[in-house]
Structure formats: C-alpha cells, structure tokens
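Take a look at this one; I'll ask things after.
Order of listing sets the numbers, starting from 1, for every ligand and every atom in it. Count residues from 1 along the sequence.
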Amino acid sequence: MNNQPFMNINEIDEVAAVIRARSSYQPKIGLILGSGLGGLADAVEKPDFIPFTDLPHWPQSTVHGHTGRLVIGKLENQDVLVMQGRIHFYEGYSMSQVTLPIRVMQRLGLETLVVTNAAGAIHPDFIPGDLMLITDNLNLVGMMGFNPLIGPNMDELGPRFPDMSQSYDRALNDTARQASRETGIPLREGVYAGLSGPSFESPADLRFLRAVGADAVGMSTVPEVIVARHGGLRVLGISGISNKANLDGNTVTSHEEVLEAGRVMVPKLEQILRSILRKL
Ligand code: HPA
C-alpha cells in the first residue's frame with residue numbers, strides 16, 4: 001500500500017551528504033515553494049542548484065508548475081535552502097518519501113521551516129490573491145491512516161508521540177504579522193485543511209470542511225509540518241489563496257487557475273518573506 005516504503009536514517013543521511021558536498025552554504029532556514037510560487041527562488045542570490053534528479057532516494061516531482069530542484073544561497077543575508085517544487089502524496093509516493101526533504105533538512109541542521117502552498121478559499125471573505133498565515137491545520141489525510149510518522153520511529157530524530165498543539169510557531173506568527181504591518185501587505189489568518197487530492201473538492205466536501213473549521217484547503221503541507229515538528233524544527237506557514245472554493249457548485253477549479261494566481265502572488269509573498277527573514 002501507499003504508506004510504504006519507510007525511509008531509514010542511512011538513506012536520509014546519504015541525501016544530506018550529497019547536498020553538503022555540492023554546497024558550502026550552511027542554511028538554518030528552509031523554504032518550500034508551493035504551486036505557482038516557484039518564481040520566488042529567483043530571488044536567491046549566488047545560488048547553488050541541485051536538481052532533485054541528482055539526489056539519491058529523493059522522490060521526483062511530476063507536477064507541472066513544480067520545477068524540482070534545491071536552490072541554496074543567500075536571501076536577506078541569510079543562508080537559505082529553498083525547495084523549488086515539492087512532492088505530493090497524490091503523485092503516488094509514500095508519506096515517508098513525501099517528507100524525506102524535511103528529514104534531510106533536519107539532518108543538515110536547519111532550525112526553521114517556512115512552508116508555502118496554493119490553497120482554495122473556504123472562508124467566505126477570502127479572495128484569490130490573498131495571503132493567509134496558517135495558524136493551525138486539519139490533518140485529514142493523517143486521520144484516515146496516512147500520518148507521515150506511521151512506521152518505525154527513528155528515536156534519534158524525534159519522539160514516538162510528538163505533541164502538535166503548537167505546530168505553527170507563535171513567535172514566528174508574530175514576526176509574520178509584524179512583517180505584514182511593515183510592508184502593508186495584508187495577511188489573513190486561518191486553518192489549513194490538508195487533503196490528498198488530486199481531484200478538487202466536491203461542493204459537499206467543501207461544506208463539510210467549512211463546518212469543521214477550515215478556512216483554506218490544499219493538497220500538501222500538513223505531512224511536512226508534522227515531520228518538521230517531530231524533528232524539532234520551528235514552522236511558519238503561508239497559504240497563497242489561488243481560487244475561491246466552490247461551495248455552491250457553480251464555478252470550476254483548474255490547475256491553470258492555481259498556477260496563474262500563484263504568479264500574481266509571488267511579488268507579495270517575496271516582500272513579506274524578505275521582511276520576515278530580516279527579523280530572524
Ligand atoms: N482545493 C485543493 N487544493 C487547492 C485548491 C483547491 O481549491 N486550490 C489550490 N490548491
């Protein structure tokens with residue numbers, strides 16, 4: 001079934017060794033760029049590029065709109081490791097494979113993870129182009145039995161039963177709010193519901209998600225955040241609202257729409273992230 005293979009510590013460390021051999025930067029901050037948001041990697045100065053295809057054990061990104069490489073370099077004078085393109089569960093990889101990049105970041109000594117994604121708006125006030133600070137998430141895929149921590153626990157990486165009461169770091173959230181005030185770029189706040197995809201939601205799915213407290217919905221991020229928290233990384237999450245979720249069944253959602261909205265949001269996201277990085 002889809003929940004295997006489980007990656008082991010040797011495989012994780014093999015990947016980390018390749019990255020160390022290819023880049024002399026020592027990033028403490030990781031940044032994952034969601035659908036349509038990959039253009040943000042262009043902001044990285046003096047970059048080292050490592051295509052995912054050069055990394056052992058690394059799942060390959062198959063989705064249009066996800067470039068599939070690591071970009072390691074300087075952003076606002078900080079060493080950063082950027083994932084330009086991410087891996088999704090719906091591509092057929094196991095949860096352990098999907099979250100391998102987070103384990104590698106942990107072994108490379110990263111301390112902070114900034115996750116971004118494209119998401120559909122469930123909150124009635126949110127509109128395409130909005131940025132939303134993720135204050136909590138619904139681990140719906142995990143609740144269905146696909147938690148990324150299922151399998152042998154690697155005790156050297158984190159505890160068997162990790163707490164998830166504050167997945168999204170409160171101090172980092174405050175930093176993001178401050179960045180929003182300083183840049184004048186509004187930041188919504190809300191709960192991100194993580195689904196597996198790849199089909200978009202039915203109107204009944206969306207009414208269900210609204211009823212259980214979701215403000216935005218997407219197909220990524222939550223497994224990465226769980227593994228990052230298991231490994232002790234601090235997490236900041238920002239969703240780019242790419243479309244209004246279709247609660248009444250009268251509009252159609254497409255991947256092209258998501259990518260196009262992403263491109264429009266990149267400059268805003270870049271400004272806010274630069275401001276956040278200056279404060280870290
Ligand atoms: N649903 C799920 N995932 C998404 C959406 C959506 O409406 N928009 C962008 N990613």
- Item | Numbering as shown, the atoms of ligand 1 that approach Gly120 to under 4.0 Å (heavy-atom distance) |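 Listed by number with element: 5 (C), 6 (C), 7 (O), 8 (N), 9 (C).
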
- Task: List every atom of ligand 1 that sits less than 4.0 Å from any heavy atom of Met219, numbering the atoms from 1 in the order shown and giving each element.
- Result: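 So the answer, numbered in order with elements, is 2 (C), 3 (N).
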
- Give a yes or no on whether Met144 atom CE has more than 12 heavy-atom contacts from other residues, nucleotides or ligands under 6.0 Å away.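 Not more than 12 within 6.0 Å, no.
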
- Task: Check the side chains of Asp136 and Tyr192 for a donor-acceptor pair under 3.5 angstrom, ignoring hydrogens and angles.
- Result: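 Note: Tyr192 and Asp136 side chains miss the donor-acceptor criterion.
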
- Query: Just wondering, more than 12 heavy atoms not from Gln178 lying within 6.0 Å of its CD?
  - Reply: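 Above 12, so yes.
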
- Item | Atoms of ligand 1 close to Ser242 [distance to a heavy atom under 4.0 angstrom, numbered from 1] |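 Result: 8 (N), 9 (C).
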
- Message: Can you confirm whether more than 12 heavy atoms, excluding those of Arg160, are under 6.0 Å from its CZ atom?
- Response: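 For Arg160, atom CZ is crowded (more than 12 foreign heavy atoms under 6.0 Å).
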
- Identify, for atom 10 (N) of ligand 1, the protein heavy atom at the shortest distance, and state residue, atom and that distance.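 Sorting protein heavy atoms by distance from atom 10 (N) of ligand 1 puts Ala118 O, 3.3 Å first.
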
- Message: Suppose we measure from atom 1 (N) of ligand 1 to each protein heavy atom; which comes out shortest, and what is that distance?
- Response: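 Nearest protein contact, heavy atoms only, for atom 1 (N) of ligand 1 is Glu201 OE1, 2.8 Å.
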
- Report yes or no: does Asp215 contribute a side-chain atom to a donor-acceptor pair with the main-chain N or O of Val191 at less than 3.5 Å?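 Yes, the answer is positive, given that a donor and an acceptor are paired below the 3.5 Å cut-off.
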
- Query: Side chain, backbone, both or neither: which part of Asn243 comes within less than 4.0 Å of ligand 1 when only heavy atoms are counted?
  - Reply: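 Side chain only.
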
- Message: Tell me whether Met265 shares a hydrophobic cluster with Ile127, the cluster being built from Ile, Leu, Val, Met, Phe, Trp, Tyr side chains joined at under 4.5 Å.
- Response: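 No, no single cluster joins them.
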
- Do me a favour and list the nearest non-hydrogen protein atom to atom 3 (N) of ligand 1 with residue, atom name and distance?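 For this ligand atom, the closest protein heavy atom is Gly218 CA, 3.4 Å.
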
- Query: More than 12 heavy atoms of other residues, nucleotides or ligands under 6.0 Å from CG of Asn77: is that the case?
  - Reply: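 No, not enclosed.
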
- Query: Among the heavy atoms of Ala119, does any lie under 4.0 Å from an atom of ligand 1?
  - Reply: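 In this structure, Ala119 qualifies as a contact of ligand 1 - some heavy atom is under 4.0 Å.
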
- Task: Do me a favour and list the nearest non-hydrogen protein atom to atom 4 (C) of ligand 1 with residue, atom name and distance?
- Result: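 Protein heavy atom at minimum distance: Val217 O, 3.7 Å.
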
